[in-house]
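Working notes for the structure below.
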Amino acid sequence: MHSAPRNIAIFGSTGSIGRNALEVVEAAQDRFRVAALSAHSRLDELVEQARRWQPDWIIATDPVAAARFAPPSDLAGQWLVGPEPLVEIAAHATIDTVVAAIVGSAGLPSTLAAIEAGKRIALANKETMVVAGELAVRRAAETGAEILPVDSEHSAIFQALRAGSVAEVKRILLTASGGPFRTWTTEQMEQATLDQALAHPNWSMGAKITIDSATMMNKALEVIEARWLFGIDAERIEVLVHPQSIVHSLVEYVDGNVLAQLGAPDMKIPIQYALTFPERAAGPTLPLDLCRIGSLTFEAPDYDRFPALRLGSEVARRGGTTGVVLNAANEIAVERFQRHEIRFTQIAQACRTILDAHDYEPQPTLETLMRLDSWAREETRKWTSV
Ligand code: NAD
Ligand code: MG
């Protein structure tokens, strides 16, 4: 049986993962208490959530949005402004678990603070692992922090890895839906519009990860995430296209046994598992009806049509400063695509150019990572195709 409710901080509570996390808590209120919530710009929604959940802290991370917003006087919790309180609250003695659901490398400082403080982290913010995975995992081993994956593929791998040891793993097969352009030619993708890139066939997610799914950069980031999270070299991580998004990933052991995890495409399942692990609890998700789904299909990924995949394998292999540069270039390239400044296929092209142009270091400090993050952003803002 579980004991007293765990105090959880949900950073990025107004996002797709944040809202799903609150639905999980709603269904398991004996297990969890919401102690902190944060949002960047949707402050009306943050206030609504705070009224419902009565957290001790409510963090409005964007100072510009917060300056234009008057928080109501009847909120029980403390209203905090700017990104700095995230770091402080992540490490606060009363917090047990941090749900890292901020998008982009903006989620890095609070996730690292939670790791330093030895917390449980339900990690949705894969960018942390891409930018500083090696450092984060090393520090977590030293502080006793537990990093539990929320990404559905990594939750699947995490569960399948409980059947054997990392040394016994032959391959990890990371599944990918293939996104909205799975069957498109490169020429068609060159003309892809923002609306088309935002129309994911299986998952309802935030804009950035949805565009990343269309370029398959999301899978590239996930290969890198898996490399650090599970300590498995890049050569043993493969991508497998599975359009139905029911098999969330597989682990093949040296003896030929292959373990897969299946579930409805609903993020509440991996979020809840990260929160309740090692226990399992009844949850708010509908059961998986395989008879209705009928068939599950698999395809090899196409590295020529989706060049982002090649970047992912390369960065997972080289490590060092490559992750921070790829992530920063991609964040800016995606923003520029959203502003119609560059074409869809230029997202991966820009990332390739910036990655090749950077001064590689195999063992960077956090300071070097931060400097390269700024550098890669600046370069990608200026980038034009030749
Ligand atoms: P989203 O855009 O829906 O939500 C992002 C949240 O972060 C919002 O609450 C927003 O207020 C906050 N935020 C945005 N910019 C910020 C900043 N600069 N500083 C602080 N907070 C900021 O995104 P999402 O789809 O929920 O994804 C969140 C993270 O989870 C991403 O790293 C994504 O890759 C990962 N993830 C998401 C899904 C999914 O199904 N949505 C699945 C796997 C992994
Ligand atoms: Mg995923």
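Fair warning: this is a prediction, and the values are worked out from it, not measured in the lab. Numbering of ligands and ligand atoms starts at 1, following listing order. Positions are given from 1, in the same order as the sequence printed here.
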Measuring from atom 1 (P) of ligand 1, which candidate in A21, G206, G107, S110 has the nearest non-hydrogen atom? G206
Contacting atoms of ligand 1, where contact means under 4.0 angstrom from a heavy atom of A39: 11 (O)
Protein heavy-atom partner closest to atom 16 (C) of ligand 1 - residue, atom, separation in Å: H40 CG, 3.4 Å
With heavy atoms of N125 as the reference, note each atom of ligand 1 found under 4.0 Å away. 32 (O)
The OD1(D151)-the Mg ion (ligand 2)-OE2(E222) angle, to 10°, is 90°
Please report whether ligand 1 has a polar contact with S41, defined as an N or O pair separated by less than 3.5 Å (distance criterion only). no
So between V103, L221, I17, whose heavy atom ends up nearest atom 14 (C) of ligand 1? V103
Nitrogen or oxygen of S152 less than 3.5 angstrom from that of ligand 1: no
Distance to 0.1 Å, residue and atom name: give those for the protein heavy atom nearest to atom 43 (C) of ligand 1. D151 OD1, 3.2 Å
Closest to the Mg ion (ligand 2), among the N/O/S atoms of E153, is atom OE1
Considering only heavy atoms, does R42 approach ligand 1 within less than 4.0 Å through its side chain, its backbone, both, or neither? neither
Are P55 and Q49 close enough that some pair of their side-chain heavy atoms sits under 4.5 Å apart? no
Taking the minimum heavy-atom distance to atom 12 (C) of ligand 1, which of G12, S155, P109, P270 ranks first? G12
Atoms in ligand 1 with a heavy atom of A106 nearer than 4.0 Å: 17 (C), 18 (N), 19 (N)
Carboxylate-amine/guanidinium proximity below 4.0 Å for R120 and E146: yes
Backbone or side-chain N or O of T14 under 3.5 Å from ligand 1 N or O: yes
Pair Y253-V169, side chain to side chain contact (heavy atoms under 4.5 Å, CB included): steps then yes or no: CA-CA 4 Å; Y253 287 96; V169 171; 3.9 Å; yes
Considering only the protein, which heavy-atom contact is closest to atom 36 (N) of ligand 1, and what is its distance? I209 CD1, 3.6 Å
R305 vs M216 side-chain heavy atoms within contact, under 4.5 Å: no
Side chains of R19 and E45, heavy atoms from C-beta outward: is any pair under 4.5 Å? yes
In terms of the angle between their ring planes, are H358 and Y360 parallel, tilted or perpendicular, with boundaries placed at 30° and 60°? perpendicular
Salt-bridge test for R310 and E314: reply yes if a basic N is under 4.0 Å from a carboxylate O, no otherwise. no
Who's the nearest protein heavy-atom neighbour of atom 6 (C) of ligand 1, and how far? A101 O, 3.6 Å
Decide whether Q244 and T297 meet the rule of one side-chain donor and one side-chain acceptor closer than 3.5 Å. yes
Pair T368-T365, side-chain donor/acceptor within less than 3.5 Å: yes
If you measure from each heavy atom of S13 to ligand 1, is any distance below 4.0 Å? yes
Give the ring-plane orientation class for W203 versus H248, where under 30° counts as parallel, over 60° as perpendicular and anything between as tilted. tilted
Looking at side-chain heavy atoms only, is the closest gap between I121 and I115 below 4.5 Å? yes
Closest to atom 29 (C) of ligand 1 among protein heavy atoms sits I102 O, 3.7 Å
Atom 32 (O) of ligand 1: the protein heavy-atom neighbour that sits closest, reported with distance to 0.1 Å: E127 OE1, 2.6 Å
May I ask you to identify the nearest protein heavy atom to atom 20 (C) of ligand 1, giving residue, atom name and distance to one decimal place in Å? T61 OG1, 3.3 Å
Closest by any non-hydrogen atom to atom 30 (O) of ligand 1: pick that one out of S213, A124, A60, P265. A124
To check you understand the geometry: which heavy-atom pair defines the closest contact between I59 and G82, and what is its length? CG2-O, 3.7 Å
Can you tell me how the ring of W57 sits relative to the ring of H92, calling it parallel under 30°, perpendicular over 60° and tilted otherwise? tilted
May I ask you to check whether G15 has an N/O atom sitting below 3.5 Å from an N/O atom of ligand 1? yes
Is it the case that the ring center of F69 lies less than 6.0 angstrom away from the ring center of W79? yes
S38 to ligand 1: N or O pair under 3.5 Å? no
May I ask you to list the atoms of ligand 1 that are less than 4.0 angstrom from any heavy atom of M267? 40 (O), 42 (C), 43 (C)
Within the structure provided, determine whether P307 and R352 are in side-chain contact (heavy-atom separation under 4.5 Å). no
Considering only protein heavy atoms, which is closest to atom 3 (O) of ligand 1, and at what distance to one decimal place? S16 N, 2.9 Å
